[in-house]
Amino acid sequence: MNATQIARYLARELSEDEAQTLLRWVEESPDNKRLFIQIKNAWSMASMGKVDATDVEYTRQRWQFVQRQLDQQTIRPLETTPWRWLRVAAALLLVTGLAFLAYFNQNRLQPEISYQTVETPAGKRSRIVLPDQSVVWLNARSKLRYPTRFDSRKREVKLEGEAFFEVQSSPDKPFFVQTDRTTVRVTGTAFNVYAYPSESEQRVILVHGQVAVSHAGSRQFSILKPGFSATVRKTSDPIVIQAVDATEHTGWTTGKLEFKHLAFEDIARRLERTFNIHIIFSNPKYRQETFSGSFDENEPLEEILQVIQASSDFEYSIRKDTLLIR
């Protein structure tokens, strides 16, 4: 265990397992705990702006001085063991102090990261090129937040709504998509994420490559293969993986509305986002009726409704921005 590991713990960069290992090490002996407290105090001082490059240089000079003294010492039979170990402990403390200060200054000198947020209104979709040249298609009524540059360890974006990702491959720098309920981890692949906060289900559909999906905040990931989806309902519910037709879920990126045995209430949500209209079911029996079809988003709403209506007995009326199904 070293000072850099403790500094990573204080910066909240350790995994849960690594953090638990460190804390167990701290409790193993008074010396471990003392070193941890000393570095924690130094961290607090640095966080308040009381550490600068001169501290690193001073520590380096002191370590070189102690190293010279140790090199010049000869082993004397009458030397007491406590004094010998005291000198060694002092040298080790200087080394760990140098490692910590170097770690802190290296991270502190990195320029502050700024963020960009893109929101797409109803009836529109956006194409976004991320700093690593990955491409994101953002569907209607969706929001994507991403940094103007990715850090050296990972790439992470936050999504509300639906987006299709074409991620540039970088195995040593994984890409994460975070929603309010789901975490998606990839290295380079193409996949769709459907995650509107108001809806009960969120889905990840893999087109090619490989992704890992988990509940937000969990470290237990489920691996997806191409042509499969992962459905996340509530945090306590298991993730459901099943085979799907990916084109049914990604057609929107090319202006297509694809329905395959889809419940009318789910179709209604897509129509609401595409045509910027509010749909109300006055007769709830139609909510779970299923329909299939393929439409161009440029087709008028009434033409789409008439095609769906051909296989059902529902009636509808449109008044301003509200569609009533009865």
Side-chain angles (χ1 to χ4, degrees), residues 118-127 137-144 159-164 179-182 191-205 207 227-234 237 240-326:
V118 178
E119 294 189 59
T120 307
K124 303 292 182 180
R125 62 180 183 274
S126 303
R127 181 180 183 271
W137 284 98
L138 193 62
N139 205 356
R141 291 183 181 172
S142 299
K143 179 193 298 184
L144 185 74
L159 173 68
E160 292 182 13
E162 185 171 22
F164 181 79
T179 78
D180 63 328
R181 266 178 280 161
T182 306
F191 58 99
N192 194 82
V193 180
Y194 183 93
Y196 288 93
S198 61
E199 298 192 17
S200 60
E201 293 185 349
Q202 297 187 355
R203 290 187 298 276
V204 179
I205 297 93
V207 177
F228 282 78
S229 74
T231 301
V232 180
R233 294 185 176 91
K234 297 179 180 178
D237 294 339
V240 178
I241 297 178
Q242 58 187 1
V244 295
D245 179 1
T247 59
E248 177 187 346
H249 300 275
T250 60
W252 65 267
T253 62
T254 57
K256 295 290 185 182
L257 294 172
E258 304 278 351
F259 310 138
K260 187 175 181 181
H261 305 300
L262 194 64
F264 200 1
E265 66 176 350
D266 294 324
I267 295 174
R269 293 192 190 101
R270 298 192 185 186
L271 295 177
E272 285 181 326
R273 291 190 287 267
T274 301
F275 295 97
N276 194 22
I277 193 169
H278 181 52
I279 300 178
I280 299 174
F281 287 87
S282 64
N283 190 335
K285 79 171 187 176
Y286 296 114
R287 287 180 176 274
Q288 296 305 315
E289 284 194 3
T290 59
F291 301 92
S292 300
S294 178
F295 305 93
D296 190 286
E297 65 178 13
N298 293 324
E299 292 183 47
L301 174 60
E302 291 204 51
E303 289 186 11
I304 296 175
L305 289 171
Q306 288 167 7
V307 172
I308 297 174
Q309 194 180 35
S311 58
S312 180
D313 61 351
F314 71 87
E315 299 290 336
Y316 71 88
S317 59
I318 300 176
R319 180 174 298 177
K320 294 184 179 180
D321 59 353
T322 301
L323 168 63
L324 181 64
I325 305 294
R326 60 183 191 278

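What you see is a predicted model, and the numbers here were worked out from it, not measured in a lab.
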Non-hydrogen atoms of Phe164 and Trp252 that approach each other most closely: N-CZ2, 3.7 Å
Non-hydrogen side-chain atoms of Thr290 and Phe259 separated by less than 4.5 Å: no
If the condition is side-chain hydrogen bond (donor to acceptor under 3.5 Å, both in side chains), which residues does Glu303 pass it with, not counting sequence neighbours? none
The criterion is side-chain contact (heavy atoms from CB on, under 4.5 Å); which residues satisfy it with Pro197, sequence neighbours excluded? Glu160, Asp180
Do the non-hydrogen side-chain atoms of Ser312 and Phe291 ever get within less than 4.5 Å of each other? yes
Could you give the distance from OG1 (Thr274) to CD1 (Ile267), rounded to the nearest 0.5 Å? 11.5 Å
Nearest heavy-atom pair of Ala122 and Arg141: which atoms, and what distance? CB-NE, 3.4 Å
Any Leu271 side-chain heavy atom under 4.5 Å of Leu323 side chain: no
Quick check: do Ser229 and Gln242 have side-chain heavy atoms less than 4.5 Å from each other? yes
In plain terms, say whether Arg273 and Glu199 are close enough for a salt bridge, that is, a side-chain N and a carboxylate O under 4.0 Å apart. yes
Is it the case that the side chain of Glu299 and the backbone of Asp296 share a donor-acceptor pair, with hydrogens and angles ignored and the cut-off at 3.5 Å? yes
What is the distance from atom CG of Asn298 to atom NZ of Lys256, rounded to the nearest 0.5 Å? 9.5 Å
For the residue pair Ser292 and His261, what are the closest heavy atoms and their distance? OG-N, 2.8 Å
Are side-chain heavy atoms of Ile279 and Glu265 found at a separation under 4.5 Å? no
Tell me, with the steps shown, if Arg127 and Trp137 meet side-chain contact (heavy atoms from CB on, under 4.5 Å). CA-CA 5 Å; Arg127 181 180 183 271; Trp137 284 98; 3.5 Å; yes
How about Ile277 and Ile318: do any of their side-chain heavy atoms sit closer than 4.5 Å? yes
Set of residues satisfying side-chain hydrogen bond (donor to acceptor under 3.5 Å, both in side chains) with respect to Glu302, sequence neighbours excluded: Tyr316
Within a strict 4.5 Å, meaning less than it, do heavy atoms of the Leu138 and Leu159 side chains meet? yes
Taking atom CZ of Arg203 and atom OH of Tyr196, what is their separation to the nearest 0.5 Å? 11.0 Å
Between the side chain of Ser142 and the main-chain N/O of Glu162, is any donor-acceptor distance below 3.5 Å? yes
Less than 4.5 Å apart, any side-chain heavy atom of Ile308 and any of Phe314? yes
Check whether any side-chain N or O of Arg181 sits under 3.5 Å from a backbone N or O of Arg233 as a donor-acceptor pair, and report yes or no. yes
Output yes when Lys260 and Glu258 qualify as a salt bridge under the 4.0 Å nitrogen-oxygen rule, no when they do not. no
